[in-house]
Amino acid sequence: MLDLGLMPLANDFTEPGGEQAGYAPLRLMFCPRCTLAQLSVVVNPRILYSKYPYVTSHSATMLAHFKTLRDDLSKQCLGRSVVEIGSNDGTLLDYLSQNGFTTVLGVEPAANLCDLASKKGIATINEFFNPASAVHVIQELGGTPDLVIARHVFCHIDDWADTIGALTMICGKNTLVAVEVPYFPDTIRNGEWDQVYHEHLSYMTTEAMKAALTCSCLHISKVAHYPIHGGAIVMLLRRNDCGIEPDPLPPEKVTLEDLKAFAKQAAAQLTNLSKTVRDLVAQGKTVVGYGASAKATQWIKSCGFTRKEIRWVCDNTITKIYKHMPGTLIPVVDDGALTRELPDYAVCFAWNFATEIIAKEAIFKAKGGKWIIPVPEVKIV
Ligand code: TMP
């Protein structure tokens with residue numbers, strides 16, 4: 001439905017003179033039967049995740065979401081043990097451990113993130129989640145957990161049967177599984193085409209999850225909607241023999257026509273940002289980027305921006321700073337650069353955190369700086 005051509009890996013930040021992992025085709029396919037959208041190719045996860053620069057804990061918006069999630073899940077699950085799959089630097093588990101969960105365990109493939117979690121005292125198994133590591137989880141806990149959390153994991157996984165199989169291995173009769181995914185109907189509705197990158201193999205609907213669970217012993221028990229990352233849902237899964245009546249699934253319809261409109265809107269958004277930035281540069285204005293998110297790579301590469309158009313992109317993630325934006329020579333600098341250099345315009349590539357960022361960077365605005373927000377429509381504020 002959407003062909004973005006050959007693209008670099010969105011988080012493949014390179015040191016000056018360093019070597020890139022490579023390029024891969026980026027194409028979104030859609031199954032009208034189960035409404036799942038997927039990429040046409042799968043990049044080896046060992047290339048994508050062994051050294052992963054994305055750290056979740058640095059944003060106030062995300063921390064607030066974690067607190068909401070912690071409170072919501074604590075109401076649904078009265079147990080004391082929790083496992084998080086793709087636990088990143090252990091921030092959510094840390095919150096849960098301060099809120100009644102006495103046994104917390106992470107499973108995380110990125111060694112650098114496990115080190116950060118261990119500094120917080122969060123025990124983490126440094127493995128991909130699969131039937132082999134599921135055995136390690138059971139051994140570590142001495143039984144099945146009361147709560148399993150998988151935030152933004154499913155969309156990164158190729159072999160769902162393997163993952164669902166591993167999930168069922170660690171689920172007891174009363175275990176609650178909370179699966180958070182970006183909600184594809186929101187992605188379409190809000191023109192969030194930049195969520196399409198190699199790490200996101202699947203674009204989720206409840207219909208697609210229901211289809212995936214058909215042959216397992218799990219079902220969707222409840223669904224809750226959250227505004228994080230441009231719109232996400234948490235699907236609460238339970239075992240079929242749990243004895244709890246599931247809620248009816250919320251109405252949802254994603255059609256081929258919706259996907260066609262989405263692809264058309266994406267093309268228009270790209271033309272708009274490309275023209276807006278190039279016109280400003282032609283007028284002698286300085287334009288930079290804010291937030292070296294994976295989404296930034298998508299915009300920059302798809303618009304063909306170089307240092308001439310986007311001088312630098314600033315970010316507060318230490319592992320991204322002083323590297324190049326993937327596939328370009330555009331440097332990533334620290335976020336203090338915005339007030340030090342006071343460019344004329346900043347494209348907020350981390351638009352999902354725009355409210356927080358614009359409030360935090362009040363000096364930039366006060367000194368005459370203007371924000372360009374690319375989603376849902378390119379606009380200058
Ligand atoms: P994400 O949308 O994939 O989470 O990426 C957001 C990026 O924006 C991430 O690299 C961190 C960066 N960021 C800042 O630099 N400053 C901020 O205040 C926030 C909220 C995010």
Side-chain angles (χ1 to χ4, degrees), residues 56-57 65-110 113-114 116-118 120-154 156-157 159-181 209 212-213 216-224 226 232-244 246:
T56 39
S57 65
H65 175 62
F66 282 176
K67 286 187 180 151
T68 308
L69 205 55
R70 174 198 65 189
D71 295 345
D72 291 354
L73 293 176
S74 299
K75 281 181 210 142
Q76 299 291 333
C77 172
L78 301 174
R80 292 272 170 267
S81 60
V82 53
V83 170
E84 187 181 5
I85 299 162
S87 48
N88 204 272
D89 65 353
T91 306
L92 179 57
L93 285 176
D94 199 20
Y95 280 11
L96 288 161
S97 73
Q98 292 163 30
N99 204 53
F101 284 87
T102 46
T103 307
V104 300
L105 179 65
V107 183
E108 169 57 59
L113 296 176
C114 291
L116 293 177
S118 114
K120 293 192 178 94
I122 304 297
T124 309
I125 299 176
N126 183 201
E127 287 173 28
F128 283 97
F129 183 66
N130 52 33
S133 54
V135 173
H136 298 154
V137 167
I138 301 283
Q139 282 168 344
E140 193 72 30
L141 296 179
T144 55
D146 300 310
L147 177 63
V148 178
I149 301 175
R151 292 192 58 256
H152 297 256
V153 166
F154 256 86
H156 293 250
I157 288 173
D159 189 346
W160 280 19
D162 191 64
T163 307
I164 292 170
L167 261 183
T168 58
M169 283 170 68
I170 62 167
C171 275
K173 195 172 168 192
N174 298 314
T175 301
L176 181 70
V177 183
V179 174
E180 182 180 318
V181 289
M209 184 52 116
L213 293 175
S216 78
C217 64
L218 298 170
H219 65 273
I220 305 172
S221 177
K222 260 184 199 313
V223 180
Y226 295 88
I233 50 167
V234 173
M235 292 177 275
L236 295 180
L237 315 183
R238 289 187 186 274
R239 252 172 55 170
N240 295 343
D241 58 351
C242 69
I244 298 170

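Given the structure is predicted, the values throughout are model-derived calculations rather than measurements.
Within the 4.5 Å cutoff, side-chain heavy atoms of Leu113 are placed close to those of Leu116. Asn99 places a side-chain heavy atom less than 4.5 Å from the side chain of Asp71. The closest side-chain heavy-atom distance from Thr163 to Phe128 is not below 4.5 Å. The shortest distance between side-chain heavy atoms of Tyr226 and Thr68 falls below 4.5 Å. Using a 4.5 Å cut-off on side-chain heavy atoms (C-beta onward), Leu73 and Val82 make no contact. Using a 4.5 Å heavy-atom cutoff, the side chains of Ile170 and Ile138 are in contact. Using a 4.5 Å heavy-atom cutoff, the side chains of Met169 and Val135 are in contact. For the pair Leu167/Ile85, a side-chain contact is recorded, criterion being any heavy-atom separation below 4.5 Å from C-beta on.
Note that CG of Leu93 and OG of Ser87 are 5.5 Å apart. Values are rounded to the nearest 0.5 Å. Put simply, NE2 on His136 and CG on Leu141 are 13.0 Å apart, with the number rounded to the nearest 0.5 Å. To the nearest 0.5 Å, atom CG of residue Asn88 and atom SG of residue Cys114 are 9.5 Å apart. Distance check: Ile220 CD1 to Ile233 CD1 gives 7.0 Å after rounding to the nearest 0.5 Å. Here Met235 contributes atom CE and Leu218 contributes atom CG; the two are 12.0 Å apart, rounded to the nearest 0.5 Å. Rounded to the nearest 0.5 angstrom, Gln76 CD and Asp146 CG are separated by 14.0 Å.
Side-chain atoms of Asn126 never come within 3.5 Å of backbone atoms of Val107 as a donor-acceptor pair (strictly under, hydrogens ignored). Using a distance-only test at 3.5 Å, with no hydrogens or angles considered, no donor-acceptor pair links the side chain of Glu84 to the main chain of Gly106. Within the 3.5 Å criterion, the main-chain N or O of Gly79 finds no donor-acceptor partner in the side chain of Ser81.
At a cut-off of 3.5 Å, with distance as the only test, a side-chain donor of Asn130 or Ser133 sits close to an acceptor on the other residue.
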Q. Taking it one step at a time, do Phe129 and Val153 satisfy side-chain contact (heavy atoms from CB on, under 4.5 Å)?
A. CA-CA 10 Å; Phe129 183 66; Val153 166; over 6 Å; no
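Every residue was checked against the side-chain hydrogen bond (donor to acceptor under 3.5 Å, both in side chains) condition with Asp162, not counting sequence neighbours, and none meets it. Legend: residues meeting salt bridge (Lys or Arg N to Asp or Glu O under 4.0 Å) with Arg238, ordered by chain and number and at least two apart, are absent.
Screening Ile122, Asp89, Ile125, Thr124 for a side-chain contact (heavy atoms from CB on, under 4.5 Å) involving Glu108 leaves a single residue, Thr124.
The heavy-atom pair separating Thr168 from Cys217 by the smallest distance is CG2-SG, 3.7 Å. Heavy atoms only, all atoms of each residue included: Phe154 and Trp160 are closest at O-NE1, 3.3 Å.
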Identify every side-chain donor-acceptor pair in residues 171-181 under 3.5 Å, counting partners at least two apart or on other chains, and give the distances.
residue	atom	partner	partner atom	Å
Thr175	OG1	Pro145	O	2.7
Thr175	OG1	Gly172	N	2.7
Glu180	OE1	His65	NE2	2.9
Glu180	OE1	Arg151	NE	3.1
Glu180	OE2	His65	NE2	3.3
Glu180	OE2	Arg151	NH2	3.2
Glu180	OE2	His152	NE2	2.7

